[in-house]
Amino acid sequence: MSISLDDKLVVAISSRALFDFEEENRVFESGDAAGYMQLQLQRLDQPATPGIAFSLIQKLLAFNDAASQRVEVVVLSRNDPVSGMRVFRSAIAAGIHLQRGVFTQGRSPFGYLRPLRAHLFLSTNADDVRGALAAGFPAARVLTESVLAGTNYPAEVRIAFDGDAVLFSDEAEQVFQARGLEAFQEHELSKAAQPLPGGPFKPLLSALHRLQQAANPQMRIRTALVTARSAPAHERAIRTLMNWNIHVDEAMFLGGLAKGEFLREFEPDFFFDDQTRHVDHAALHVPSGHVAAGIANVLRP
């Protein structure tokens, strides 16, 4: 019987997003690739500490049990295979079960998302994230300066999403960028009953919805929409989710208020946003990732 990942939520993640390899990475960034490899080999039996996305991965893998394997996490890394050994040993020490990994020794690895049929790619490399998004995969650049996730909700995977250019297309954001807030509000009010097209992270939200329906009694998923929209533009966002038949547990329509403090109260294991000013502020409070999609990123210098 052939092995398939088709019935699983598949997350691909780089080694630096999963574990704290920042000290080692500074050696690599200095141009000393051989020194980096040697350092990783010297530390082979020294488990790395958790990275920014560790809590998200640990909790998602907790949906697996002896009867059913619902989540697959694959390390997809520019690391060399020798350094890959330390990644797997660190996973064993941390008590998370990883079976698969692809190590490309400096080459961009995002092309392997296609055979994996990944629902999410988390990486610290901006170019790899952009390539993954262009290929149609939900992807985010993990901000290694983010704070680590809290520990108050061990039985819940908590994920927060921005709306436009993340869960939804950037159709409305394009109106805002071109014609301003008043035109944006009028546009969204006139189209309140017309669902927004899906954005790059709609496939992930759908996959999380299916995972939640699997009904693991030990774990659950709690999602939040955290958006700069305000009334009356909120209605189209809500109706879009209703049209998709996807439920979110919380929705925050902040009307331009800084998101960080609200996210701190929600305590997500990860937050996704397309705008750097929002995600940089959020990273002061919660684990955060930048989704380099939509008009806001096209307009960035």
Side-chain angles (χ1 to χ4, degrees), residues 55-56 59-60 119-120 138 140 149-150 152-153 155-176 181 184-213 219-275 277-291 293-294 296:
S55 177
L56 174 65
K59 288 183 179 181
L60 284 173
H119 297 96
L120 176 63
N152 287 331
Y153 300 98
E156 287 187 346
V157 178
R158 292 184 154 230
I159 305 178
F161 300 91
D162 182 32
D164 297 294
V166 178
L167 289 183
F168 315 128
S169 80
D170 71 334
E171 170 195 304
E173 182 67 23
Q174 290 185 41
V175 174
F176 173 74
L181 179 60
F184 164 80
Q185 297 280 23
E186 291 176 358
H187 178 269
E188 292 304 279
L189 186 59
S190 68
K191 294 181 179 293
Q194 180 179 324
L196 281 155
F201 273 67
K202 181 189 176 184
L204 174 61
L205 187 63
S206 298
L208 290 170
H209 181 72
R210 292 192 297 271
L211 182 62
Q212 178 74 335
Q213 300 307 304
M219 292 295 297
R220 72 177 307 277
I221 296 170
R222 188 168 185 85
T223 54
L225 170 65
V226 183
T227 173
R229 283 175 177 254
S230 59
H234 73 295
E235 185 171 331
R236 193 177 186 197
I238 294 173
R239 286 184 176 274
T240 296
L241 293 170
M242 292 171 62
N243 179 264
W244 293 350
N245 197 29
I246 293 177
H247 170 76
V248 294
D249 298 284
E250 300 189 22
M252 306 177 199
F253 301 99
L254 300 181
L257 291 174
K259 299 179 181 181
E261 288 84 356
F262 293 90
L263 288 163
R264 184 177 60 207
E265 294 301 316
F266 180 66
E267 292 191 50
D269 295 291
F270 213 84
F271 168 61
F272 299 98
D273 201 297
D274 68 302
Q275 299 205 30
R277 65 187 178 91
H278 290 314
V279 78
D280 287 345
H281 184 260
L284 300 173
H285 304 277
V286 299
S288 302
H290 177 232
V291 181

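Being a predicted model, the structure only gives us computed values, none of them experimental.
Note that CD of E173 and CD of Q275 are 5.0 Å apart. Values are rounded to the nearest 0.5 Å. Separating the CG atom in D164 from the CG atom in L196 is a distance of 6.5 Å, to the nearest 0.5 Å. Atom NE2 of residue H290 and atom CG of residue D274 lie 6.5 Å apart, to the nearest 0.5 angstrom.
The local environment of CG in N245 is sparse, with at most 12 non-hydrogen atoms from other residues, nucleotides or ligands closer than 6.0 Å.
A salt bridge links R236 with E171; the closest basic N to acidic carboxylate O contact falls under 4.0 Å. Note on R222 versus E156: no salt bridge recorded, every NZ/NE/NH1/NH2 to OD/OE distance being 4.0 Å or above. Note on R158 versus D249: no salt bridge recorded, every NZ/NE/NH1/NH2 to OD/OE distance being 4.0 Å or above.
Taking each heavy atom of A149 and P268 in turn, the nearest pair found is CB-O, 4.2 Å. G163 approaches T227 most closely through the heavy-atom pair N-CB, 4.3 Å. Closest heavy-atom contact between G255 and S230: CA-CB, 3.6 Å.
Ring planes of W244 and F168: tilted class, angle from 30 to 60°.
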- Message: Evaluate L211 against I221 for side-chain contact (heavy atoms from CB on, under 4.5 Å), listing each step before the verdict.
- Response: CA-CA 8 Å; L211 182 62; I221 296 170; 3.7 Å; yes
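Within the cation-pi definition used here (under 6.0 Å to the ring centroid, within 45° of the axis), R229 does not qualify as a partner of F253.
When atom types are taken as modelled, the side chain of H281 and the backbone of G260 share a donor-acceptor pair closer than 3.5 angstrom. Side-chain atoms of S288 come within 3.5 Å of backbone atoms of V286 as a donor-acceptor pair (strictly under, hydrogens ignored).
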